[in-house]
Protein chains: 2
Amino acid sequence: MTDEKPYHHGDLRSALLAAAEAELDARGIEAFSLRAVAKRAGVSHAAPAHHFSDANGLLTALAAEGYRRLLAYQGRRQASAAAEPAAQLVASGLGYIDFAMECPALFRLVFGSVRPDHGARDLQAAASMAYTHLTDLVFAAGGRTVADESAVWALAHGLADLLSAGRLKGVASMEPAMRDAVLRDVLARSLP
Amino acid sequence: MTDEKPYHHGDLRSALLAAAEAELDARGIEAFSLRAVAKRAGVSHAAPAHHFSDANGLLTALAAEGYRRLLAYQGRRQASAAAEPAAQLVASGLGYIDFAMECPALFRLVFGSVRPDHGARDLQAAASMAYTHLTDLVFAAGGRTVADESAVWALAHGLADLLSAGRLKGVASMEPAMRDAVLRDVLARSLP
DNA sequence: CCTTTATCTTGACGATGTCAGGATGGATGC
DNA sequence: GCATCCATCCTGACATCGTCAAGATAAAGG
């Protein structure tokens, strides 16, 4: 009510990132429109160019945020799990799945889109933090081979991807407690 | 040289499907352009409308072809594998991965895009054939629970998705024989 | 042979991403 | 206090996109 529309937004960069995520949630990555993001943030269609090189530049920054949020979801599950390495590994897998289910748009942006520049510095940094987190957990749980690492990641990722796409109706239709139990059972199979 | 450009194409529908797949291979689903497909097939930009309702209609038909090709890749691996159910299950997983590696554009269209109408009759039929093939194999190998089925699918799907996206460099950089051995080892973990 | 119908083309519309050029106003130097 | 600079934002334009309408072409069928 005080400031209707100041010429300078103040923190347009953050507002654009939030608007872009809302836009992704509403219309999906394949219908993503930079002009719609700008409209959502209340600025003109060319304003984003002053904060991001490209539409893909905006998506790159958002994908980095996606990796950080993935780690947050994993940490949340691990915090309420037993300290044994195997339990931590399973918990991080549940966090991976939580992220995919609760932020499906970000999940698909990070793992299913080539629009973010996956070679960009900040995105690569965020990605390697997530990757290091995985390899550390695998090592702590006794995994030593490429097969171990691949199995752990692929199983969690496959469950997350199929669930967020609605292709595992048998699991998705369960009540939360039962669903977690099944997922724990499955995730525990990744290490021999 | 004989027929330069007859007004009627003859089999434009098939030509458009082939051109669309080539376009997907070249530019990816996120840069897919119906006009580029038409140009590739040598027809005007509005010609596809007479054979497919939409751009998404074309992608729907192509996705159905994707499911059929997935089954073909699985069958190829199973044909050259032992008859025991467990070996057949692992072989079909390798075929799943073959499909993702050799037809990454189709793989992402089928499993990572919402542009195909996944409720369309022919696409749903093709999808359920692939799904039935999976459940039959799991049952034959002794799997009885939702967890068994989910584990088998998720592990194969996760490997396929991560490999086709270039995120499992440790596995992707191996020579074929070694790579298959590792993948067999991993896939065998899906059943308890 | 004439009509019908399927097939393809041309032209148009609104929407999109990006670029060029102009407007605004906070920040800096004096 | 004031003038200047420059980051920030807007307007307008362009090529390209998907889709629709209307006309052109040729194959099919009476």
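FYI, side chains are in, hydrogens and waters are out, and symmetry mates aren't considered; it's all heavy atoms of this structure. In the text below, chain A, chain B and the rest are named by the order of the sequence lines, each starting its count at 1.
At whole-Å resolution of the value, NE2 in His51(A) and C1' in dG17(C) are 17 Å apart. Straight-line distance from the CZ atom of Arg27(A) to the C1' atom of dT16(C): 10 Å, rounded to whole Å. Remark: C1' of dT16(D) and NZ of Lys39(B) are 10 Å apart, rounded to the nearest angstrom. For Leu12(B) and dT25(D), the CG to C1' distance is 15 Å, given to the nearest whole Å. When rounded to the nearest whole Å, the span between CD1 of Ile29(B) and C1' of dG18(D) equals 14 Å. Rounded to whole Å, the distance from CD on Glu30(A) to C1' on dT16(C) is 16 Å. Here the C1' atom of nucleotide dC8(C) and the CZ atom of Arg13(B) are 17 Å apart, to the nearest Å. As rounded to whole Å, 17 Å separates atom P of dC17(D) from atom CG of Asp54(B).
Ranking dT8(D), dA13(D), dG11(C) by closeness to the His45(B) side chain, first place goes to dG11(C). Listed nucleotides dT7(C), dT18(C), dG18(D) differ in distance to Arg35(B); the shortest reach to its side chain belongs to dG18(D). For Ala46(A), the listed nucleotide lying nearest its side chain is dT11(D); candidates were dC9(D), dT11(D), dT18(C). Of the candidate nucleotides dT10(C), dG17(C), dT8(D), dG17(C) has the atom nearest to the side chain of Leu34(A).
Checked against a 6.0 Å centroid threshold, the rings of Tyr96(B) and Phe111(B) count as neighbours.
Side-chain atoms of Asp148(B) come within 3.5 Å of backbone N or O of Thr145(B) as a donor-acceptor pair. Remark: side-chain polar atoms of Gln88(B) are paired, donor with acceptor, to backbone N or O of Ala82(B) under 3.5 angstrom.
Put simply, Ser33(A) has no side-chain N or O that comes within less than 4.0 Å of OP1 or OP2 on dA15(C).
Arg144(A) CZ: more than 12 foreign heavy atoms inside a 6.0 Å radius.
Other residues sharing a hydrophobic cluster with Met129(B) under the 4.5 Å side-chain heavy-atom criterion for ILVMFWY residues are Leu71(B).
As judged by a 4.0 angstrom heavy-atom cut-off over every strand, Ala47(B) is placed among the base-contacting residues. Phe32(A) comes within 4.0 angstrom of sugar-phosphate atoms only, judged by non-hydrogen atoms across all strands, and of no base.
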